[in-house]
Protein chains: 2
Amino acid sequence: MSHESKSETQDPFHAHDHDHCAASVLRRAEEQARQEGVRLTPVRRRVLEILLESHRAMGAYEVLERLALEGFGKQPPVAYRALDFLVEQGLAHRVRRLNAYAACLSNQRDHTPAFLICRLCEQVAEADTPQMREALAALAAAHDLTIERSTVEILGICARCAKAEQAKAQDV
Amino acid sequence: MSHESKSETQDPFHAHDHDHCAASVLRRAEEQARQEGVRLTPVRRRVLEILLESHRAMGAYEVLERLALEGFGKQPPVAYRALDFLVEQGLAHRVRRLNAYAACLSNQRDHTPAFLICRLCEQVAEADTPQMREALAALAAAHDLTIERSTVEILGICARCAKAEQAKAQDV
DNA sequence: GTTATTTATGTTATATCGTAACGCGTCAAG
DNA sequence: CTTGACGCGTTACGATATAACATAAATAAC
Ligand SMILES: [Zn+2]
Ligand SMILES: [Zn+2]
Ligand SMILES: [Zn+2]
Ligand SMILES: [Zn+2]
């Protein structure tokens, strides 16, 4: 079983090999840094690792706390700069609804996925479908807008949390 | 010429009768307030009017300044409360990318349109197409997410601004 | 190898956005 | 006339984000 390109898009909301997620993103980060001549410095790498601990989106200040504990700088720009770097490199995404950041799970350098956010566990999945791309393009075309960036975020409750809620309701 | 239901969706990026925009939204606001037993108080109404001066999204503090000048309260909650009211009533929308608010241009009470935002003139158009709704539903379904809210924002350059940019470039 | 240049990290300070909590005034129900 | 709900105003604070500057590390030039 050595299908390399198996997991184009992992889905955090369902069972998956998360170590694989983390490892593959880190690997991509290193390769990409080498190729593009940018530096994956200790802070930057560490921030990516922190984001990769789970698929939960983290606020900049939450990341900063972790950095401070580990001997990095204690002031906001330290976190924001590392996060900005990761976002620029397509290694992390900003989730606007949560004012938070999540590691990117795709292997593509530049992409603008839609985010699926569970309101309860705050995990974030990304999805990039032709259907959505077409819908966006159609909207832009209809209004003569030259599209530069787009944000698609879907907030709801994931299957796991929905099940948990149901169980809780029956307990009462 | 008395086609009442002509303008389901005005497009701020193109020539249109803006007085009509403003008047029709205010009319809807009044009707709706009566019907739902909520109060369109002076501050609330004034905030809606301010938003309706153009299709540009305005930050809460920008609205607040205007209110202060006109003798209303000078503190943030004054603006935020009025804006929250308008958003709840579906009379205004929050544009997350801009941390700003824009008057709603639709006649529908509850809807979640996509926003088209011009980066240069900061005007905002709304659009609600079946195609986009389906794309959102498909994404949610594919990930077993029970959808509660969604955000679709497209940032770019509107036709008018694109033209202006071109002209400027040729001048040089 | 030493120097110059760029890039990254850290700091202080401040800007920007948003909310909690409380008191007062208004108005309508009882 | 009291009571209770609601809206508006305040003070105070919390949360998010960036500007500006000093230092240090890495890279490039000589
Ligand atoms: Zn994973
Ligand atoms: Zn969940
Ligand atoms: Zn208009
Ligand atoms: Zn424009």
Side-chain angles (χ1 to χ4, degrees), chain A residues 29-30 32-51 57-89 91-102 122 151 153, chain B residues 29-30 32-34 36-51 56-89 91-102 122 151 153:
Chain A
E30 271 155 14
Q32 201 173 286
R34 234 183 311 110
Q35 283 177 11
E36 303 199 12
V38 297
R39 286 157 55 192
L40 187 64
T41 61
V43 215
R44 291 168 176 177
R45 192 196 158 95
R46 191 67 194 117
V47 169
L48 182 54
E49 287 171 0
I50 289 171
L51 291 181
M58 292 178 78
Y61 280 76
E62 196 181 349
V63 170
L64 179 59
E65 258 179 50
R66 294 285 306 273
L67 291 178
L69 283 177
E70 301 178 16
F72 294 98
K74 296 173 166 45
Q75 305 305 323
V78 172
Y80 280 105
R81 280 195 292 233
L83 289 166
D84 287 349
F85 170 85
L86 294 173
V87 169
E88 266 165 35
Q89 297 301 310
L91 295 166
H93 299 290
R94 180 160 178 201
V95 182
R96 302 198 96 91
R97 179 169 290 265
L98 303 177
N99 287 333
Y101 300 81
E122 292 182 285
T151 304
E153 297 181 356
Chain B
E30 271 155 13
Q32 202 173 286
R34 234 183 312 109
E36 303 197 13
V38 297
R39 286 159 53 193
L40 188 63
T41 62
V43 214
R44 291 169 175 176
R45 190 194 160 98
R46 191 67 194 117
V47 169
L48 183 54
E49 286 171 359
I50 289 171
L51 291 181
R56 195 171 61 81
M58 293 179 78
Y61 279 77
E62 196 181 349
V63 170
L64 179 59
E65 258 178 51
R66 294 284 307 273
L67 292 177
L69 284 176
E70 301 178 16
F72 294 98
K74 295 173 166 45
Q75 305 304 323
V78 173
Y80 279 105
R81 281 194 292 233
L83 289 166
D84 287 348
F85 170 86
L86 295 173
V87 169
E88 266 164 36
Q89 297 302 309
L91 295 165
H93 298 291
R94 179 160 177 201
V95 182
R96 303 199 93 93
R97 178 168 291 266
L98 303 177
N99 288 335
Y101 299 80
E122 293 183 284
T151 304
E153 298 180 358

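For the numbers below, each heavy atom of this structure counts, side chains included, while hydrogens, waters and symmetry mates do not. Because the structure is predicted, anything quoted here is derived from the model rather than measured. So that the names make sense, note that chain A is the first sequence line, chain B the second, and so on, each numbered from 1.
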So does B/V95 get a backbone contact from the side chain of B/E153, meaning a donor-acceptor N/O pair under 3.5 Å? no
Does OP1 or OP2 of C/dA21 have a side-chain N or O of B/R81 closer than 4.0 Å? no
For A/L83 and A/L51, run side-chain contact (heavy atoms from CB on, under 4.5 Å): C-alpha distance rounded to whole Å, both residues' side-chain angles, the deciding distance at 0.1 Å, then the answer. CA-CA 10 Å; A/L83 289 166; A/L51 291 181; 4.1 Å; yes
Nearest to the side chain of B/Q75, which nucleotide is it out of D/dT11, D/dA19, C/dT9? D/dT11
When you compare the side chains of A/R97 and B/T151, does any donor N or O come within less than 3.5 Å of an acceptor on the partner? yes
For A/N99 and C/dT16, give me the distance from atom CG to atom P, rounded to whole Å. 17 Å
Would you mind telling me which residue lines up with the more 5' stretch of DNA chain C, A/P76 or A/A82, judged by nearest nucleotide? A/A82
Using OP1 and OP2 only, check whether a side-chain N or O of B/R44 sits under 4.0 Å from D/dG7. yes
Interatomic distance, B/F85 CZ vs D/dC6 C1' [rounded to whole Å]: 12 Å
Select base, sugar-phosphate, or nothing to describe what B/R94 touches, counting heavy atoms under 4.0 Å on all strands. sugar-phosphate
Donor-acceptor contact below 3.5 Å, side chain B/R46 vs main chain B/L67: no
Without decimals, in angstroms, what is the distance between B/R96 CZ and D/dT16 C1'? 13 Å
How many angstroms lie between OG1 in A/T41 and CZ in A/F85, if you round to the nearest 0.5 Å? 7.0 Å
Rounded distance (Å) that lies between atom P of C/dG18 and atom OH of A/Y61: 15 Å
Is the distance from OP1 or OP2 of D/dA17 to the nearest side-chain N or O of A/Y80 less than 4.0 Å? yes
Length of the CG-C1' vector between B/D84 and D/dC8, whole Å: 14 Å
Interatomic distance, B/L98 CG vs C/dT16 P [rounded to whole Å]: 15 Å
A/V43 has its side chain closest, among D/dG7, D/dT18, C/dT9, to C/dT9
Rounded distance (Å) that lies between atom P of C/dC17 and atom CE of B/M58: 12 Å
Mind calculating the distance between CG (B/L67) and C1' (D/dC8) to the nearest angstrom? 12 Å
